[in-house]
Protein chains: 2
Amino acid sequence: MRNVDEDTITQIVLARHAEAKKPRLKQIMTSVVQHLHAFARDVHLSEHEWFEGIQFLTEVGHITDDKRQEFILLSDTLGLSMLVTALNNHKPPGCTESTVLGPFFVEDAPQYANGDDLGNGAKGEACFVTGKVIGLDGEAVPNARIDVWQADSDGFYDVQYGERAETHGRGTLRSLSDGSFHFRSVTAESYPIPYDGPVGRMLTALGRHPWRPAHLHFMIDAPGYERLITHVFRSGDEYLDSDAVFGVRSSLIANWLRHESGTAPDGTVHDSPFSTLDFTFVLNRLEGTASRGR
Amino acid sequence: MRNVDEDTITQIVLARHAEAKKPRLKQIMTSVVQHLHAFARDVHLSEHEWFEGIQFLTEVGHITDDKRQEFILLSDTLGLSMLVTALNNHKPPGCTESTVLGPFFVEDAPQYANGDDLGNGAKGEACFVTGKVIGLDGEAVPNARIDVWQADSDGFYDVQYGERAETHGRGTLRSLSDGSFHFRSVTAESYPIPYDGPVGRMLTALGRHPWRPAHLHFMIDAPGYERLITHVFRSGDEYLDSDAVFGVRSSLIANWLRHESGTAPDGTVHDSPFSTLDFTFVLNRLEGTASRGR
């Protein structure tokens, strides 16, 4: 293993992994080493560029904390997150498509009942969301756990307001016996991903904007069905064709109907504008789970 | 740009970089995206594995500070650092070969005169180093700036002892008019790279040990010559064939002569063991610099 050179080093590194106990880890690290080395060879990476890369990753690491995940932003903006989502979510036609999780999901969000206001003081126009969770055969999926999270009208998620911020625009609820659910929140707007860090500087250097089209995040879990992680996008948004994280799918674009005033779905009367959204989520059956209703 | 899928996403991400101003950055990021995506496809990376990767990089970032550079350790242990060194240091035969910088170099190390003790209290047996800096035609290179750094006999560099540690086993000196230099320090021993962090856990999972064979680090700068970054390794070391960072080159292995007692090269008399080392460094001419002496 002396005198490794640019031609032999890849095989020498891989040979050093002969004793790896987990075959899957060995397979993954083999591919990591091969592609990392092929990249350096392809571009003939200079020592200065290598060090710039080290410094960039260091900055990504240092800005990352329990409220901000710059490595996920990096993965998202390089299309890796959407690729992994696509690779792992081949579904039968008719199922709601998956898209990226994003960096703003939080475990154990507050629980709400149907009809509650998940906005919980978030800035923005009122939005009344109605929806339904069904299976591929059209069967209702009752008692599904529905996680919802979204940015406010300033483009910020609650976790971006710092340690003392109250949860807003985020919560979990359950579908009713007919699979339906409904809640109030605020109208989602397009917003830039956090661009005051190294990923933002990367986007600028690459001539890219940081904007995402307006969307609501959903994660839906129900026994016997695959977990669904997706967004519902707002039709007409100017960034639908240039989402900074490549997450848009046509089937996930819905009409947010805007009302200048009037009676909302929950019976409340408004003299200021509000919007309504209705969307049906079709879950895929878990592999090995018997078909229902046939 | 809607409905990107696992087949089209790579080209869609690359198309988004059409406006990048610097061609070199565009070239590098094109290769990064292609290899990152090819890796995910090759191994069919699962969402769970993707998240484990995000967590691993986050830990690498969080343990990194101004004294510890875990991203360089990661690059070193995956052979990337040695590959980049090899790609960028094609030299004429006869020149001293380059090897990795490693994570423990420090700018502005204390200045010493020839004959001084760079050990400065470091643990270990005394070691007396004599050397010479010459060019490819054998010409002496006077007044070269020589940076030396090394671990003590416990295997630690000074910077690993924390904020209040005094500099030891580290310094800069200048070659004399005949290109020679000499200093005292302590005898280098083999040591493990820091393995109490994520890179150490990675090595364990891959069935690899973290040891490096004993070595001294040198960085030598002189006007008209290429900077030389290299090590001198100690012959007979048990890890010469399995250096954790793949840095060994046969031409850089030297005899450390051990003396049970006696008069050292600096005239001091020792009744405890010490070692001596002599090594000649041959610098490459800077491109575009006229040959000397012909």
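Proteins come first, then strands; the chains are lettered A, B, ... in the order of their sequence lines, and each starts at number 1.
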Checklist entry - Under 3.5 Å, side chain of B:R68 to main-chain N/O of B:I63, donor-acceptor pair present? => result no
Checklist entry - When heavy-atom pairs shorter than 4.5 Å are enumerated against chain A, which of B:Q27, B:E19, B:E6 gives the highest number? => result B:E6
Next on the checklist: I'd like to know if the side chain of A:S190 reaches the main chain of A:P213, judged simply by a donor and an acceptor atom lying under 3.5 Å from each other, with no hydrogens or angles considered.
Outcome noted: no
Checklist entry - For A:M82, is it the side chain, the backbone, both, or neither that has a heavy atom closer than 4.5 Å to a heavy atom of chain B? => result both
Checklist entry - Taking B:E70, B:K26, B:Q69, B:E59 one by one, which has the highest count of heavy-atom pairs under 4.5 Å against chain A? => result B:Q69
Item to check | A:H209 side chain to A:S242 backbone, donor-acceptor under 3.5 Å | outcome: yes
Checklist entry - Would you call B:M219 and B:W149 a side-chain contact if the rule is heavy atoms closer than 4.5 Å? => result yes
Checklist outcome for this item: Whatever's closer than 4.5 Å to a heavy atom in chain B on A:V32 counts as both
Next on the checklist: Less than 4.5 Å to any heavy atom of chain B: does that hold for the side chain of A:T204, its backbone, both, or neither?
Outcome noted: neither
Checklist entry - With a 4.5 angstrom heavy-atom cut-off, which part of A:E49 approaches chain B: side chain, backbone, both or neither? => result side chain
Checklist entry - Passes salt bridge (charged side-chain N to carboxylate O under 4.0 Å, His left out), A:R212 versus A:D243? Steps please. => result CA-CA 5 Å; A:R212 297 211 65 202; A:D243 182 3; 2.8 Å; yes
Checklist entry - Got more than 12 heavy atoms from elsewhere within 6.0 Å of CZ, A:F39? => result yes
Checklist entry - Between B:S31 and chain A, which part of the residue has a heavy atom less than 4.5 Å away: side chain, backbone, both or neither? => result both
Next on the checklist: So for atom OH, which belongs to B:Y239, do other residues, nucleotides or ligands contribute more than 12 heavy atoms lying within a distance under 6.0 Å?
Outcome noted: yes
Checklist entry - Is it true that the side chains of A:D76 and A:S81 contain a donor and an acceptor less than 3.5 Å apart? => result yes
Checklist outcome for this item: Ranked by heavy-atom pairs below 4.5 Å to chain B, first place among A:H44, A:M202, A:K21, A:R41 goes to A:H44
Item to check | Close aromatic pair by centroid cut-off 6.0 Å: B:H215 and B:H217 | outcome: yes
Checklist entry - Who among B:S250, B:G207, B:A86 has the most heavy-atom pairs with chain A under 4.5 Å? => result B:S250
Next on the checklist: For residues 89-106 of chain A, give me every residue with a non-hydrogen atom less than 4.5 Å from any non-hydrogen atom of chain B.
Outcome noted: A:N89, A:H90, A:E97
Checklist outcome for this item: If you tally heavy-atom pairs under 4.5 Å between each of B:I229, B:L25, B:D5, B:D7 and chain A, the highest tally belongs to B:L25
Item to check | Centroid separation B:F218 to B:F279 less than 6.0 Å | outcome: no
Item to check | Pair A:S235-A:W256, side-chain donor/acceptor within less than 3.5 Å | outcome: no
Checklist outcome for this item: Heaviest contributor of heavy-atom pairs below 4.5 Å to chain B, chosen from A:D42, A:T10, A:L14, A:T58, is A:T58
Checklist entry - Any idea which of B:D65, B:L74, B:T64 has the most non-hydrogen atom pairs under 4.5 angstrom with chain A? => result B:T64
Item to check | Donor-acceptor under 3.5 Å (A:D147 side chain, A:A109 main chain) | outcome: no
Checklist entry - Are the side chain of B:R249 and the backbone of A:V4 linked by a donor-acceptor contact shorter than 3.5 Å? => result yes
Checklist outcome for this item: Max heavy-atom pairs within cutoff under 4.5 Å with chain B, candidates A:L252, A:V33, A:I28, goes to A:I28
Checklist outcome for this item: The interface call for A:I9 against chain B, heavy-atom contacts under 4.5 Å, is side chain
